[in-house]
Number of protein chains: 2
Amino acid sequence: MSPKTRNVTQREIARIAGVSQTTVSMVLNDRDGSNVRIPAATRERVKQAIEQSTYVADPAARRLAGLDNQIMGVFTYEPALSPESMDFYGPLLNGLERAAEQVGCDLLFFTSSPVENGSRSLFHRKTRLRLADGCILLGQQMDGDDLKRLVDERFPFVAVGRRDETTAKVPYVGIDYVSLTAELIERAVGLGHTDALYVHRNLHSPAARDRMQQIQASTASGGLKFTLVVAEDGDLTGVTRAAEQTGATAVFTEDAFLAEDVALVLGNAGVEVPSAISLTALAEVRGHRVHGRALSGFQTPRLQVAAEALSLLQQLVTTRAEEWDSLDTQRLLQGKVELGETLVERMSAT
Amino acid sequence: MSPKTRNVTQREIARIAGVSQTTVSMVLNDRDGSNVRIPAATRERVKQAIEQSTYVADPAARRLAGLDNQIMGVFTYEPALSPESMDFYGPLLNGLERAAEQVGCDLLFFTSSPVENGSRSLFHRKTRLRLADGCILLGQQMDGDDLKRLVDERFPFVAVGRRDETTAKVPYVGIDYVSLTAELIERAVGLGHTDALYVHRNLHSPAARDRMQQIQASTASGGLKFTLVVAEDGDLTGVTRAAEQTGATAVFTEDAFLAEDVALVLGNAGVEVPSAISLTALAEVRGHRVHGRALSGFQTPRLQVAAEALSLLQQLVTTRAEEWDSLDTQRLLQGKVELGETLVERMSAT
DNA sequence: GACCGATGATAATACCTATTATCAAAAGTT
DNA sequence: AACTTTTGATAATAGGTATTATCATCGGTC
């Protein structure tokens with residue numbers, strides 16, 4: 001049990017200033033109306049007493065009284081602060097921290113959530129979710145049930161990454177992968193490519209679907225013709241074979257790491273990247289290089305995504321739930337195509 | 001204002017199970033004694049009702065009632081999640097996250113603290129400090145007044161990094177830089193060095209003092225003779241000059257970045273590292289290389305430091321303040337010397 | 001001088017959980 | 001039968017803040 005050192009309370013201030021606890025509360029919140037009036041003199045006296053003391057409002061009591069606390073929860077479906085996840089979470093967390101400092105709110109990381117069948121669960125018997133005014137959800141693999149329950153309970157939250165649950169309108173801030181993917185395919189066509197591979201992880205997130213959809217749309221409309229290759233457990237043996245069979249001159253991958261792996265496999269098979277086969281990731285590529293060349297792909301504004309998510313969350317928190325519909329709660333931010341050096345003109349001859 | 005969606009409370013459960021709120025609380029906490037007794041039948045009925053519902057205890061109410069909540073505060077004197085600070089904070093945060101997950105507690109980052117004259121302030125009018133059971137303090141430049149006030153108020157906290165305030169006994173978990181520094185100097189002596197430079201940032205943290213003390217002890221006792229060089233605002237012009245004047249054959253620096261900078265400056269002046277001058281950092285060197293060689297220095301167990309800090313904090317939280325004295329609240333962990341490749345045998349001739 | 005509006009301040013209450021004190025009924029004792 | 005003990009459960013309260021309802025007083029008005 002916590003030792004409980006007694007702290008300065010409004011009651012204490014009231015005693016010193018010779019007023020009631022109610023008056024102290026009123027002064028602190030600058031309340032003044034027809035029903036409650038406090039003359040400047042009294043007001044000043046109370047403020048003095050507060051100034052002299054080390055009084056700070058007890059957040060728990062505020063919360064219990066139904067007020068906001070400027071505390072935002074952060075829930076990640078995987079550990080967020082490990083070196084491995086830094087590549088993905090790093091910019092997001094950085095953006096969150098900066099935005100939080102800006103608007104003056106604290107961040108409560110729900111690190112305690114027990115891991116059940118692979119991913120953390122948001123709702124459990126001892127969840128401290130309610131201590132936060134709202135919550136940011138991060139992670140590749142969100143749980144649809146969690147999202148639905150949050151919506152049902154009218155708990156303010158924002159998912160990072162596009163969501164398309166049909167059971168509930170989930171607030172999110174994501175990146176527009178559709179137009180980015182389309183644009184990169186366009187570029188490849190412009191560079192003379194006609195056949196390509198798409199190496200993916202067979203994920204089911206909306207962002208993954210977005211990319212896949214564009215891939216298939218391109219194939220169907222006679223743009224760039226794609227052949228799909230699933231990378232299972234890092235097994236990329238299929239890539240070389242598929243490239244030979246289809247005569248593909250470009251490989252698109254779902255993320256930058258996959259691209260690096262593919263480059264390795266192709267290199268081992270004697271296929272040079274990018275002179276023989278172009279390589280492009282449909283994801284953030286900053287800092288990724290293959291054979292010393294900057295990888296082609298996207299630049300995604302993840303810092304802004306985080307900031308925007310926190311901003312939206314604050315809007316939700318300060319808006320009555322009935323009026324949430326009038327807010328723009330589903331936002332897509334535009335990224336930029338990073339040309340890089342691994343998507344190049346198609347070899348002239350075969 | 002927060003929308004305040006009504007949640008399932010003990011009262012609600014009580015109504016369903018046809019008992020009083022008190023009984024529900026008793027069942028939840030497995031209370032049973034001479035004063036309060038609940039037969040298995042009733043107990044079961046209540047548990048059923050809870051199981052059926054989505055009840056979770058309101059952490060704010062728990063807190064207000066003086067109970068612990070398994071929430072630990074994390075306070076950093078500088079932004080912790082930015083790419084620049086990751087080198088220092090990264091392993092600590094990673095260790096914290098892992099330990100927190102282990103013991104089942106959440107982490108509240110006080111990102112809101114306004115920046116006053118350079119560093120964040122822990123105590124301000126709207127601090128949410130009290131929401132946490134205890135607090136971990138991170139940062140190079142801690143504020144002595146903050147520490148004193150925490151001790152005075154009997155608020156459970158642990159500083160990461162050795163502290164030596166005389167005004168209060170500050171609980172900390174740090175790394176033993178004294179013996180590490182001594183050992184590295186010993187090595188240098190063993191490799192034939194007699195004169196060296198110590199390039200430092202003129203910091204005043206206890207860890208900085210520890211190193212400096214060993215430097216001076218060595219000089220005084222006729223071991224390795226050091227000349228001090230202060231690196232101000234990255235101005236390292238003094239290093240080359242000092243090396244020439246003193247005939248130093250080894251340079252020690254306060255941290256790895258400083259070592260990299262020194263290597264650059266020496267290189268520009270035509271002095272080869274390490275063949276002409278050995279280079280050693282009195283700090284963590286993992287991942288740092290100069291001229292392709294692994295930098296000599298320390299390996300510090302920062303993951304363990306974080307885990308140990310959280311563990312100590314939990315002990316403090318669960319122990320009555322009067323008995324804190326009986327705990328081992330000041331802990332130093334041992335690091336390892338990383339020989340590296342930049343501290344080498346002294347040139348035979350001059 | 002009786003009524004009225006305005007003024008300054010407070011008592012009471014809600015929020016939710018944990019604990020302490022209290023109570024009614026049943027069971028056991030002499 | 002009168003008394004005590006045990007059993008099962010609850011009322012009351014603390015904890016700190018914000019809000020609503022209430023109250024006492026004063027100055028003015030006819």
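Each chain gets a letter, A, B and so on, in the order its sequence line appears, and its residues count up from 1.
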Distance, rounded to the nearest Å, where I38(B) contributes CD1 and dA18(C) contributes P: 13 Å
Between P on dC15(C) and CG on D68(A), what's the gap in Å once rounded to a whole number? 18 Å
Ignoring backbone atoms, establish whether T23(A) has a side-chain N or O less than 4.0 Å from OP1 or OP2 of dA9(C). no
Of Q21(A) and L64(A), whose closest DNA chain C nucleotide lies nearer the 5' terminus? Q21(A)
Checking all strands, does V24(A) fall into the base, sugar-phosphate, or nothing category for heavy-atom contacts under 4.0 angstrom? nothing
Is atom CZ of R331(A) surrounded by more than 12 heavy atoms (other residues, nucleotides or ligands) closer than 6.0 Å? yes
Got a salt bridge between E44(A) and K47(A), using NZ or NE/NH1/NH2 to carboxylate O under 4.0 Å? no
Could you tell me how far apart R37(B) (CZ) and dT6(D) (C1') are, to the nearest whole angstrom? 6 Å
Would one find a side-chain N or O of Y55(B) under 4.0 angstrom from OP1 or OP2 of dC16(C)? no
Between dA18(C) atom P and I13(B) atom CD1, what is the distance in whole Å? 13 Å
Just how far, in rounded Å, is P of dC15(C) from CD of Q10(B)? 14 Å
Taking only the side-chain heavy atoms of N35(A) (C-beta and beyond), determine which of dT10(C), dT22(D), dT17(C) contains the nearest atom. dT22(D)
Please state whether the phosphate of dT19(C), meaning OP1 or OP2, lies under 4.0 angstrom from any side-chain nitrogen or oxygen of R31(B). yes
Is any N or O donor-acceptor pair between the side chain of T22(B) and the base of dA11(D) shorter than 3.5 Å? yes
Quick check on dA9(D): is either OP1 or OP2 less than 4.0 Å from any side-chain nitrogen or oxygen of T42(B)? yes
Measure from CD on E12(B) to P on dC16(C) and round the result to the nearest Å. 10 Å
If you look at every strand shown and take non-hydrogen atoms under 4.0 Å, does N29(A) touch a base, only sugar-phosphate, or nothing? sugar-phosphate
Please state whether the phosphate of dT17(D), meaning OP1 or OP2, lies under 4.0 angstrom from any side-chain nitrogen or oxygen of R63(A). no
Within 45 degrees of the ring normal and closer than 6.0 Å to the centroid, is that where the cationic atom of R149(A) sits relative to F123(A)? yes
Taken to the nearest whole Å, CG/D32(B) to P/dA9(D) is 11 Å
Taking only side-chain N and O atoms of R62(A), does any of them lie within less than 4.0 angstrom of OP1 or OP2 on dA18(D)? yes
For R31(B), look at atom CZ and say whether over 12 heavy atoms of other residues, nucleotides or ligands are found less than 6.0 Å away. no
Heavy-atom count around R45(B) CZ within 6.0 Å, excluding the residue itself: above 12? yes
Any base atoms under 4.0 Å from A57(B), or only sugar-phosphate, or nothing? Heavy atoms, all strands. sugar-phosphate
M26(B) CE - dA11(D) P separation (whole Å): 13 Å
